[in-house]
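Structure first, commentary second.
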Amino acid sequence: MAAAALLRRIPAARAPATAFMAARPVSDSTAALTIETSVPFTSHLVDPPSRDVTTTPAELVTFFRDMSLMRRMEIAADSLYKAKLIRGFCHLYDGQEAVAVGMEAAITRSDSIITAYRDHCTYLARGGDLVSAFSELMGREGGCSRGKGGSMHFYKKDANFYGGHGIVGAQVPLGCGLAFAQKYKEEETATFALYGDGAANQGQLFEALNISALWKLPAILVCENNHYGMGTAEWRAAKSPAYYKRGDYVPGLKVDGMDVLAVKQACKFAKDHAVANGPIVLEMDTYRYHGHSMSDPGSTYRTRDEISGVRQERDPIERVRKLLLAHDLATAAELKDMEKEIRKQVDDAIAKAKESSMPDTSELFTNVYKKGFNVESFGPDRKELRATLP
């Protein structure tokens with residue numbers, strides 16, 4: 001397959017062409033394939049979409065590469081954290097990559113995404129680059145939030161990614177506000193507001209969903225159910241862990257969040273529904289391999305056998321690898337070469353990120369107050385603040 005066709009959806013800075021891809025016939029890359037999702041969709045108050053998903057060889061290779069890049073980035077972040085180059089909180093996404101990649105495949109950059117603090121891979125899916133990601137993780141000024149947000153506060157406004165948020169569930173009302181703006185402007189776009197099963201019992205979520213339903217806002221609430229809110233299993237925290245039904249009067253859909261094609265199909269369906277009819281709830285049945293954060297070993301409330309069982313049976317990257325091999329779209333050696341290239345790409349990005357400077361101390365006082373309203377503060381003695389007052 002031609003590299004340009006295979007990687008058309010990946011920014012050039014993240015995915016240079018490889019020789020083995022260029023060697024494959026161009027015609028192979030655009031031939032339509034129909035693949036059935038791993039399990040049926042389960043629906044609430046709505047007819048589910050078809051299990052038959054249309055894709056292409058190019059898209060499948062892109063899925064494999066994107067998810068492998070995300071996986072490698074998160075593994076590298078683990079090492080950087082242990083080396084104390086990343087400080088503070090750090091929540092990793094490995095295992096859940098199919099949600100970010102499948103969602104992006106179904107929508108456009110005109111649609112909005114807002115999420116919680118497990119946000120690194122969503123940033124990459126929205127077109128972010130590795131260097132700015134690692135720079136932000138290490139608190140450098142070259143980061144996507146100028147080194148001031150860290151792991152939990154990635155942001156990319158030009159791609160309508162409104163960031164990671166550290167307050168549990170607080171991003172959902174903000175997402176519904178984004179959907180209000182989209183409807184007000186008659187944009188025919190939608191907002192995907194992501195939250196975890198640990199946030200699913202938040203009162204603000206139901207308040208935001210209620211007004212979204214009243215006003216028929218194009219809001220898609222996406223519960224990334226990785227089955228543990230921090231170290232608490234879903235069945236211990238939720239009387240009804242059927243999160244796709246939690247909207248009651250709002251339709252819902254349960255999706256295999258480890259199947260990138262199922263996620264793509266569900267998100268396309270959800271966007272069409274939301275733009276035409278108002279909100280819908282998606283429950284992505286997924287799994288995280290790391291603990292809740294880097295301070296959590298992730299093995300005190302679940303067994304190692306459970307984790308390895310998910311890796312063996314449901315891993316999203318391995319599922320796509322099997323599809324590529326089964327349809328003779330790539331060889332095992334070619335995919336291994338791609339993974340080696342990705343490893344080098346991540347290592348190079350880390351080296352560049354380390355060259356970025358730490359923010360100047362003056363940055364402590366920027367982006368706090370909006371300028372021009374007589375509330376600026378530029379130092380602990382607040383002399384300049386007082387000078388602006390009447």
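Just so it is clear, the structure is predicted and the values come from calculations on it, not from any experiment. Along the sequence shown, residues carry numbers from 1.
Remark: the backbone N or O of His290 is paired with a side-chain donor or acceptor of Arg288 at under 3.5 angstrom. Between the side chain of Gln265 and the backbone N or O of Ser50, at least one donor-acceptor pair lies under 3.5 Å. In terms of modelled atom types and a separation under 3.5 Å, the side chain of Glu136 and the main chain of Cys144 share a donor-acceptor contact. Side-chain atoms of Asp111 come within 3.5 Å of backbone N or O of Thr108 as a donor-acceptor pair. In terms of modelled atom types and a separation under 3.5 Å, the side chain of Asp315 and the main chain of Glu318 share a donor-acceptor contact. Using modelled atom types, one side-chain atom of Glu97 and one backbone atom of Gly95 make a donor-acceptor pair closer than 3.5 Å. Arg71 places no side-chain N or O within donor-acceptor distance of the main-chain N or O of Asp66, the cut-off being under 3.5 Å. Side-chain atoms of Glu313 never come within 3.5 Å of backbone atoms of Val310 as a donor-acceptor pair (strictly under, hydrogens ignored). Between the side chain of Ser43 and the backbone N or O of Val46 there is at least one donor-acceptor pair closer than 3.5 Å. When atom types are taken as modelled, the side chain of Arg246 and the backbone of Ser240 share a donor-acceptor pair closer than 3.5 angstrom.
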Check against salt bridge (Lys or Arg N to Asp or Glu O under 4.0 Å), Arg321 and Glu339: CA-CA 11 Å; Arg321 187 195 304 272; Glu339 290 172 314; 2.7 Å; yes
Worked verdict on Glu224 versus Tyr93 for side-chain hydrogen bond (donor to acceptor under 3.5 Å, both in side chains): CA-CA 11 Å; Glu224 292 187 278; Tyr93 201 72; 2.5 Å; yes
Stepwise side-chain hydrogen bond (donor to acceptor under 3.5 Å, both in side chains) check, Asp305 with Thr303: CA-CA 5 Å; Asp305 287 344; Thr303 65; 5.3 Å; no
Pair Thr366-Glu363, side-chain hydrogen bond (donor to acceptor under 3.5 Å, both in side chains): steps then yes or no: CA-CA 5 Å; Thr366 62; Glu363 284 292 317; 2.9 Å; yes
Candidate pair Asn160 and Arg126, rule side-chain hydrogen bond (donor to acceptor under 3.5 Å, both in side chains), full reasoning: CA-CA 8 Å; Asn160 287 305; Arg126 289 264 90 181; over 6 Å; no
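With 3.5 Å as the limit, one finds no donor-acceptor pair spanning the side chains of Asp259 and Thr37. A donor-acceptor pair shorter than 3.5 Å cannot be found between the side chains of Asp296 and Ser293. If you check the side chains of His44 and Asp248, you find no donor sitting under 3.5 Å from an acceptor. Side-chain polar atoms of His120 and Glu74 form a donor-acceptor pair below 3.5 angstrom. Residues Lys148 and Asn367 have side chains that bring a donor and an acceptor to within less than 3.5 angstrom of each other.
The closest side-chain heavy-atom distance from Arg314 to Asp256 is below 4.5 Å. Counting heavy atoms from C-beta outward, Cys267 and Phe269 have side chains that stay 4.5 Å or more apart. Counting only heavy atoms from C-beta outward, the side chains of Leu217 and Gln182 never approach each other to under 4.5 Å. Two residues are said to be in side-chain contact when any heavy atoms from C-beta on lie closer than 4.5 Å; Ile307 and Tyr287 meet this criterion. Contact annotation: the side chain of Asp285 never approaches that of Val255 to less than 4.5 Å [non-hydrogen atoms, C-beta and beyond].
Applying the 6.0 Å contact sphere to OH of Tyr249 captures more than 12 heavy atoms from other residues, nucleotides or ligands. Leu364 CG: more than 12 foreign heavy atoms inside a 6.0 Å radius. Surrounding CZ of Arg343 are at most 12 heavy atoms belonging to other residues, nucleotides or ligands under 6.0 Å away. No more than 12 heavy atoms of other residues, nucleotides or ligands lie within 6.0 Å of CG in Asp47, so this atom counts as exposed by the packing criterion. Within 6.0 Å of atom CZ in Phe89, 12 or fewer heavy atoms from other residues, nucleotides or ligands are found, so the atom counts as exposed in its surroundings. Heavy atoms of other residues, nucleotides or ligands lying less than 6.0 angstrom from CE of Met358 number more than 12.
Taking the six-membered ring for Trp and thresholds of 30 and 60 degrees, Tyr117 and His91 have ring planes inclined between 30 and 60 degrees apart. Ring orientation note: the planes of Tyr228 and Tyr301 are tilted relative to one another, at an angle of 30° to 60°. Between His153 and His165, the ring planes are perpendicular. Angles over 60° get that label, and only those under 30° would be called parallel.
Between Lys352 and Asp348 no salt bridge is recorded (no basic side-chain N to carboxylate O distance below 4.0 Å).
A cation-pi arrangement is present between Arg311 and Tyr289 under the rule of less than 6.0 angstrom and at most 45 degrees off the ring axis. In this structure, Arg51 is not positioned above the aromatic face of Phe41 in the sense of NZ or CZ being under 6.0 Å from the six-membered ring centre and within 45° of the axis.
Transitive grouping of hydrophobic side chains (ILVMFWY, heavy atoms separated by less than 4.5 Å) keeps Phe161 and Met152 in distinct clusters.
One finds the CG atom of Leu33 at 12.5 Å from the CG atom of Asp52 (value rounded to the nearest 0.5 Å).
The minimum heavy-atom distance linking Val320 with Leu60 is given by the pair CG1-O, 3.4 Å.
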